[in-house]
Amino acid sequence: NAGVTQTPKFQVLKTGQSMTLQCAQDMNHEYMSWYRQDPGMGLRLIHYSVGAGITDQGEVPNGYNVSRSTTEDFPLRLLSAAPSQTSVYFCASSYTGYEQYFGPGTRLTVT
Amino acid sequence: AQSVAQPEDQVNVAEGNPLTVKCTYSVSGNPYLFWYVQYPNRGLQFLLKYITGDNLVKGSYGFEAEFNKSQTSFHLKKPSALVSDSALYFCAVRGSPNAGGTSYGKLTFGQGTILTVHP
């Protein structure tokens with residue numbers, strides 16, 4: 001099993017550009033989540049999904065969209081990048097109520 | 001709303017001494033509690049969890065945690081610290097699946113505690 005994979009590992013965007021961060025898991029987990037990690041802020045939940053076709057907002061959803069058309073994939077879309085979205089983004093997945101498995105992260109810089 | 005507090009930004013201990021990293025939580029219903037560790041420039045790694053049962057939970061790398069329902073705490077402990085334990089530690093909570101809705105899919109993290117073990 002590859003576990004949770006994220007692409008790209010690094011990305012630089014200009015303000016106003018859009019992009020999609022990819023996340024995939026091969027463990028047949030129902031739950032998938034996106035977090036951003038900023039210095040001194042810990043991990044903050046952006047969006048999460050409890051199954052294909054079901055998504056919900058987390059703590060900091062503004063400026064981000066998600067969809068969950070399959071169990072395996074959970075892409076995160078930045079609609080119009082802003083410098084405040086400079087961060088490290090982590091995707092995670094899990095079975096019901098159990099520990100989450102995290103991907104390696106995407107380091108995004110918006111200039 | 002569920003929340004987690006890690007009251008110490010940093011914990012410093014000498015190698016060989018016991019360590020404790022504190023965590024308190026707030027959640028509706030029965031809590032599912034987790035500890036994760038993050039090494040520099042890496043993703044988070046799972047250490048241990050409390051779902052139900054014995055209040056003392058043992059996990060990876062010799063770590064353990066004690067669930068205290070009355071104090072709503074889940075402190076991480078290790079009897080003898082190693083320099084290699086130096087890392088960023090996160091406590092997290094999610095609601096149990098029978099809480100209803102989709103909120104049980106939501107994992108909330110504390111701010112993290114930097115553990116430094118000195119030789």
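Sequence lines set the chain letters: A, B, ... in the order given, protein chains first and strands last, and positions in each chain run from 1. Just so you know, these numbers use all the heavy atoms, side chains as well, and skip hydrogens, waters and symmetry mates.
Only the side chain of R107(A) comes within less than 4.5 Å of a heavy atom in chain B; its backbone stays farther off. Contact of L88(B) with chain A is made through the side chain alone, with heavy-atom distances under 4.5 Å. Neither the backbone nor the side chain of Q6(A) comes within contact range of chain B; no heavy atoms are under 4.5 Å apart. Contact of Q45(B) with chain A is not made at all, since no heavy-atom distance falls under 4.5 Å.
Results of the ring pair (Phe, Tyr, Trp, His ring centres under 6.0 Å) test with Y89(B) over Y39(B), Y61(B), F63(B) single out F63(B) as the only residue that passes. When the options T109(A), D38(A), T106(A) are evaluated for a side-chain hydrogen bond (donor to acceptor under 3.5 Å, both in side chains) with S87(A), the one that passes is D38(A).
No cation-pi contact links K49(B) to F34(B), judged by a cut-off of 6.0 Å to the six-membered ring centre and 45° from its axis. Relative to the ring axis of Y64(A), R36(A) does not place its NZ or CZ within 45° and under 6.0 Å from the centre.
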